[in-house]
Amino acid sequence: MKYELVVFDWDGTLLDSAGAIVRAIQAACRDLDLPVPDHARASHVIGLGLADAMRHAVPDLAPENYQAMVDRYRFHYLSGDHALTLFDGVPAMLARLHAAGHILAVATGKSRLGLERALDHSGLRPFFSASRCADECHSKPHPQMLEELMAEFGMSAGATVMIGDTSHDLLMAKNAGVDALAVTYGAHPHDHLLEHAPLACLHDVAELDAWLMSNA
């Protein structure tokens, strides 16, 4: 077993939520009469902590309006998150990795409350031994989430792999000295992910699972 600790991003990697996040950001901007970011700008911030995401998505947002923007984003996202689904093959892949003895963890831009809600709704909680969220660590691409997870399980960087759909995930892995896999079915486009030299770019969960079976 090369990678004893396998760390997953959540949104856009396990859960098909990137489109919903973009729509919630855009709707929040409309509510507050702010410039509405296009799809590319709104999707680029997926994976960051919520405050950082709002600052990047709406550069002209005044600091005193951050909380209002966050509140409206949460209103729109939570009104539809019960309808979001996992990508095809995710439960079976996690079950196989778990049964094979890998330690599975989550490193996400979601809040702790948001991740706990998602773990319960998805049914994936039994597979994960630990998680780190953006409201309890530095936001990606800071390496703190991965560093804490490795320390929790006594794992070296060489025994750890990070899997995500954004450049923020890949840069976090690089900053932690950890190998990274990119999935291209989430928020960031293939060419953008390739710029950060992941071990591989996988185009669906079946390809990701096959790569992990052969290399992890």
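Source: prediction; values computed, not measured.
- Counting only heavy atoms from C-beta outward, the side chains of Trp10 and Leu119 approach each other to under 4.5 Å.
- Side chains of His188 and Leu170 form no contact here, defined as non-hydrogen atoms less than 4.5 Å apart.
- In terms of heavy atoms, Cys201 sits closest to Thr184 at CB-CG2, 3.9 Å.
- Residues Asp16 and Tyr185 form no side-chain contact, since every pair of their non-hydrogen atoms from C-beta on lies 4.5 Å or further apart.
- Between Glu148 and Cys137, the closest side-chain pair of non-hydrogen atoms falls below 4.5 Å.
- Within the 4.5 Å cutoff, the side chain of Phe8 has heavy atoms near those of the Leu97 side chain.
- Here the straight-line distance linking atom CG of Leu34 with atom CG of Asp31 works out to 9.5 Å at 0.5 Å rounding.
- Under the 4.5 Å side-chain heavy-atom criterion for grouping Ile, Leu, Val, Met, Phe, Trp and Tyr, Ile46 is connected to Val70 within one hydrophobic cluster.
- Considering only heavy atoms from C-beta on, Leu15 stays 4.5 Å or farther from Phe87 through its side chain.
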Test side chain to side chain contact (heavy atoms under 4.5 Å, CB included) applied to Leu124 and Val90, step by step: CA-CA 9 Å; Leu124 297 184; Val90 162; 4.0 Å; yes
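- For Asp135 and Ser111, the side-chain atoms include no donor-acceptor pair closer than 3.5 Å.
- A salt bridge between Glu116 and Arg112 is present, with a side-chain N of the basic residue lying under 4.0 Å from a carboxylate O of the acidic one.
- A distance of 10.0 Å separates CG of Leu50 from CZ of Arg55, quoted to the nearest 0.5 Å.
- In terms of heavy atoms, His76 sits closest to Ala28 at CD2-N, 3.9 Å.
- For the pair Arg74 and Tyr77, the cation-pi criterion (under 6.0 Å, within 45° of the ring axis) is not fulfilled.
- Other residues sharing the hydrophobic cluster of Met145, ordered by chain and number and joined by side-chain separations under 4.5 Å: Leu5, Val7, Ile103, Leu146, Leu149, Met150, Phe153, Met155, Met162, Met172, Val178.
- Residues Asp11 and Ile21 form a side-chain contact, since some pair of their non-hydrogen atoms from C-beta on lies under 4.5 Å apart.
- For the pair Asp209 (side chain) and Val205 (backbone), a donor-acceptor distance under 3.5 Å is absent.
- Atom CG of Leu199 sits in a crowded spot, with more than 12 heavy atoms from other residues, nucleotides or ligands closer than 6.0 Å.
- For Asp88, the CG atom counts as loosely surrounded, since its 6.0 Å shell holds 12 or fewer non-hydrogen atoms of other residues, nucleotides or ligands.
- Salt bridge annotation for Asp38-Arg41: absent, with no cationic side-chain nitrogen under 4.0 angstrom from a carboxylate oxygen.
- Listed by first and then second residue, the side chain to side chain donor-acceptor pair (under 3.5 Å) pairs that reach into residues 153-166 are Thr13-Asp165, Thr166-Asp169, sequence neighbours excluded.
- Proximity of His44 to Ser167: side-chain heavy atoms (C-beta onward) are separated by under 4.5 Å at one or more points.
- Considering all non-hydrogen atoms of both residues, Trp211 and Ala200 come closest at NE1-CB, 3.6 Å.
- The nearest pair of heavy atoms linking Ala180 to Ala173 is CB-CB, 3.7 Å.
- Between the CG atom of Asp9 and the NZ atom of Lys110 there is a distance of 9.5 Å, given to the nearest 0.5 Å.
- Although no hydrogens or angles enter the test, the distance criterion places no donor-acceptor pair under 3.5 Å between the side chain of Gln26 and the main chain of Ala42.
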For a side chain to side chain contact (heavy atoms under 4.5 Å, CB included) check, start with the C-alpha distance between Asp81 and Ser17, then their side-chain angles and the critical distance, and finish with the verdict. CA-CA 8 Å; Asp81 72 332; Ser17 53; over 6 Å; no
Evaluate side chain to side chain contact (heavy atoms under 4.5 Å, CB included) for Lys2 paired with Asn215, printing each intermediate quantity in order. CA-CA 7 Å; Lys2 180 174 183 180; Asn215 297 282; over 6 Å; no
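- Closest heavy-atom contact between Ser139 and Gly49: OG-N, 2.8 Å.
- A salt bridge links Arg132 and Glu152; the closest N-O separation between the charged side-chain nitrogens and carboxylate oxygens is under 4.0 Å.
- In the hydrophobic cluster analysis, where Ile, Leu, Val, Met, Phe, Trp and Tyr join through side-chain heavy atoms closer than 4.5 angstrom, Leu32 is grouped together with Val22.
- Electrostatic pairing of Asp52 and Lys140 does not count as a salt bridge here, judged by no charged N lying under 4.0 Å from a carboxylate O.
- Remark: side-chain polar atoms of His102 are not paired, donor with acceptor, to backbone N or O of Leu104 under 3.5 angstrom.
- Nearest heavy-atom pair, Ile25 versus Pro37, reported as atom, atom and distance to 0.1 Å: CG2-CG, 3.9 Å.
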